[in-house]
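When a ligand or atom number is given, it counts from 1 through the structure's own listing order.
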Amino acid sequence: MKHATLYRYSLPMDSGVILRHTRLVRRDGLIVKLKNGEKVGRGEIAPLPEFSTETIEQAQTQIELYLAQWLESGEIDWESLYPSVAFGLSVALAELEGEIPAEGNFLAAPLCSGDPDELVEKLAELLGEKVAKIKVGLYEPIRDGIVVNMFLEILPDLRLRLDANRQWTPAKAAQFANYVNPAFRSRIAFLEEPCQTPEQSLAFSKETGIAIAWDETLRDEGFSLQCKTGLSAIVIKPTLVGSLKTVKAMVEQAHTLGMEAVISSSIESSFGLNTLSRIAHWLTPGTVPGLDTVSLFGEQLEQAWPGCELPLKTLTDCEVVWQAHQ
Ligand SMILES: O=C(O)CCC(=O)c1ccccc1C(=O)O
Ligand SMILES: [Mg+2]
């Protein structure tokens with residue numbers, strides 16, 4: 001007997017979470033639970049406002065339709081699924097078959113504001129590679145350059161991931177680089193999306209010697225991954241990209257081209273982050289994932305993130321919005 005249950009959650013966020021131009025006050029998402037005999041599999045469907053093309057309402061309507069089809073025939077037309085639905089459903093099906101190893105990689109690269117004391121404290125606790133992520137592009141590029149240079153100067157074993165989310169013109173990107181000592185630039189593991197277009201970002205990397213990474217570019221219409229001078233990594237957000245099969249293909253393609261592939265959070269709940277840490281350990285075992293987002297929440301869901309002491313809501317506390325069996 002097959003059984004499907006869809007839970008809807010709504011978790012409070014920490015006050016300061018801003019996504020592009022929207023304050024994220026609550027995080028809404030779905031947990032799909034599949035049962036087939038004694039086997040159980042669960043996945044999270046959580047389109048991210050300002051980044052996903054689909055809304056939570058559209059995702060819920062679609063998964064309800066596809067769960068009915070799964071119960072009836074088991075057939076799924078993956079091409080027509082929204083990325084967040086494809087990812088969550090593919091995880092639940094993979095979990096049914098025990099395909100995703102239980103062990104997770106919880107050594108997430110700490111996401112830092114610009115407070116040196118906070119970063120020094122977080123890094124002291126880090127086991128493994130001392131790599132941290134700093135968002136740039138929110139203030140003047142000169143300030144960003146001074147802050148990044150300071151971190152690299154005071155912490156000689158630190159490597160930094162930076163992320164400008166395509167905020168800079170070429171001139172602003174050059175201003176930023178001018179304040180980063182050339183001797184330190186090799187410890188910038190990559191700068192995600194420095195400029196408004198991929199072409200400008202590649203030119204920036206060639207001019208400054210600072211390695212870059214694709215994040216938003218992976219989701220541009222008609223994108224295909226190619227080896228480029230200065231392009232050292234891709235940052236894969238499974239909730240924004242699609243099914244596990246699609247994610248695995250992207251990781252394998254990046255590795256074949258000699259690039260790093262980073263499994264990255266789309267601000268899923270602690271339940272979803274636990275799943276992503278297992279996928280990261282499974283598909284990208286030599287790479288620190290970008291999953292340090294649980295502290296953006298006011299509450300955890302079903303599975304706590306290691307070391308996080310936020311209150312834990314269980315699935316039984318969530319609303320069942322759809323269920324059926326065959
Ligand atoms: O990648 C990480 O380390 C954390 C995830 C992250 O930075 C992020 C989270 C939500 C939306 C966009 C981004 C981003 O990488 O641009
Ligand atoms: Mg990014």
Side-chain angles (χ1 to χ4, degrees), residues 11 13-14 16-24 27-29 44 46-54 83-84 87 104-114 119 122-123 126 128-138 144 158-168 173 188-196 198 201 210-220 223 231-241 247 250-251 254 259-270 272-277 279-280 283-284 287-297 305 308:
L11 302 174
M13 300 303 287
D14 188 34
V17 182
I18 307 261
L19 289 177
R20 292 209 169 114
H21 312 295
T22 305
R23 181 179 301 280
L24 192 66
R27 187 73 171 94
D28 293 338
E44 179 163 337
L48 184 62
E50 298 281 332
F51 286 82
S52 293
T53 51
E54 70 276 20
S84 62
F87 176 62
N105 180 349
F106 297 101
L107 297 177
L111 255 180
C112 307
S113 54
L119 179 59
K122 283 193 171 185
L123 287 173
L126 262 192
E129 187 185 353
K130 301 283 184 194
V131 61
K133 180 165 180 177
I134 298 177
K135 286 282 182 186
V136 293
L138 304 173
D144 285 331
L158 172 67
R159 282 165 51 78
L160 280 179
R161 292 171 178 176
L162 305 175
D163 190 349
N165 294 103
R166 293 181 163 177
Q167 292 302 305
W168 286 332
I188 296 174
F190 50 75
L191 201 173
E192 293 176 44
E193 308 283 359
C195 298
Q196 291 155 346
S201 292
I210 294 174
I212 64 171
W214 296 148
D215 178 350
E216 286 85 343
T217 298
L218 300 180
R219 303 183 295 276
D220 282 348
F223 171 79
L231 178 64
S232 71
I234 61 171
V235 176
I236 302 171
K237 288 179 171 53
T239 286
L240 305 184
V241 159
V247 171
M250 289 180 87
V251 170
M259 294 179 210
E260 203 172 21
V262 178
I263 298 297
S264 170
S265 159
S266 304
I267 312 186
E268 293 83 354
S269 74
S270 58
L273 289 173
N274 271 282
T275 305
L276 287 172
S277 75
I279 292 169
L283 302 181
T284 60
T287 295
V288 175
L291 301 177
D292 183 34
T293 54
V294 72
S295 60
L296 301 177
F297 284 80
W305 181 259
C308 180

Engineer: Answer yes or no: is there an ion pair linking E268 with R27, defined by an N-O contact shorter than 4.0 Å?
Structural biologist: no

Engineer: Tell me if a side-chain donor or acceptor on S232 pairs with a main-chain N or O of A189 at a distance below 3.5 Å.
Structural biologist: yes

Engineer: Just the distances, no angles: every ligand 1 N or O to protein N or O pair closer than 3.5 Å, one line each.
Structural biologist:
{"from": "ligand 1", "atom 1": "1 (O)", "to": "K133", "atom 2": "NZ", "distance (Å)": "2.9"}
{"from": "ligand 1", "atom 1": "1 (O)", "to": "S264", "atom 2": "OG", "distance (Å)": "2.7"}
{"from": "ligand 1", "atom 1": "7 (O)", "to": "K133", "atom 2": "NZ", "distance (Å)": "2.8"}
{"from": "ligand 1", "atom 1": "7 (O)", "to": "K135", "atom 2": "NZ", "distance (Å)": "3.4"}
{"from": "ligand 1", "atom 1": "15 (O)", "to": "K133", "atom 2": "NZ", "distance (Å)": "2.9"}
{"from": "ligand 1", "atom 1": "15 (O)", "to": "D163", "atom 2": "OD2", "distance (Å)": "2.9"}
{"from": "ligand 1", "atom 1": "15 (O)", "to": "E192", "atom 2": "OE1", "distance (Å)": "3.4"}
{"from": "ligand 1", "atom 1": "15 (O)", "to": "D215", "atom 2": "OD2", "distance (Å)": "3.1"}
{"from": "ligand 1", "atom 1": "15 (O)", "to": "K237", "atom 2": "NZ", "distance (Å)": "2.8"}
{"from": "ligand 1", "atom 1": "16 (O)", "to": "K135", "atom 2": "NZ", "distance (Å)": "3.0"}
{"from": "ligand 1", "atom 1": "16 (O)", "to": "D163", "atom 2": "OD2", "distance (Å)": "2.8"}
{"from": "ligand 1", "atom 1": "16 (O)", "to": "N165", "atom 2": "ND2", "distance (Å)": "2.8"}
{"from": "ligand 1", "atom 1": "16 (O)", "to": "D215", "atom 2": "OD2", "distance (Å)": "3.4"}

Engineer: Residues two or more places apart in sequence or in another chain: which of them pass salt bridge (Lys or Arg N to Asp or Glu O under 4.0 Å) with E54?
Structural biologist: none

Engineer: Please list, chain by chain and in numerical order, all residues satisfying side-chain hydrogen bond (donor to acceptor under 3.5 Å, both in side chains) with S201, sequence neighbours excluded.
Structural biologist: none

Engineer: For the residue pair S295 and D14, what are the closest heavy atoms and their distance?
Structural biologist: O-CB, 4.1 Å

Engineer: For R161, is there an ion pair with E193 - N to carboxylate O distance below 4.0 angstrom?
Structural biologist: no

Engineer: Kindly indicate whether the side chain of R219, heavy atoms from C-beta on, has any atom under 4.5 Å from the side chain of L240.
Structural biologist: yes

Engineer: Can you name the nearest heavy-atom pair linking V251 to I236, along with the distance?
Structural biologist: CG2-CD1, 3.6 Å

Engineer: Between K237 and D215 (salt bridge meaning N to carboxylate O under 4.0 Å), is one present in this structure?
Structural biologist: yes

Engineer: How about the Mg ion (ligand 2), which protein N, O or S atoms come within less than 2.8 Å?
Structural biologist: D163 OD2, E192 OE1, D215 OD2

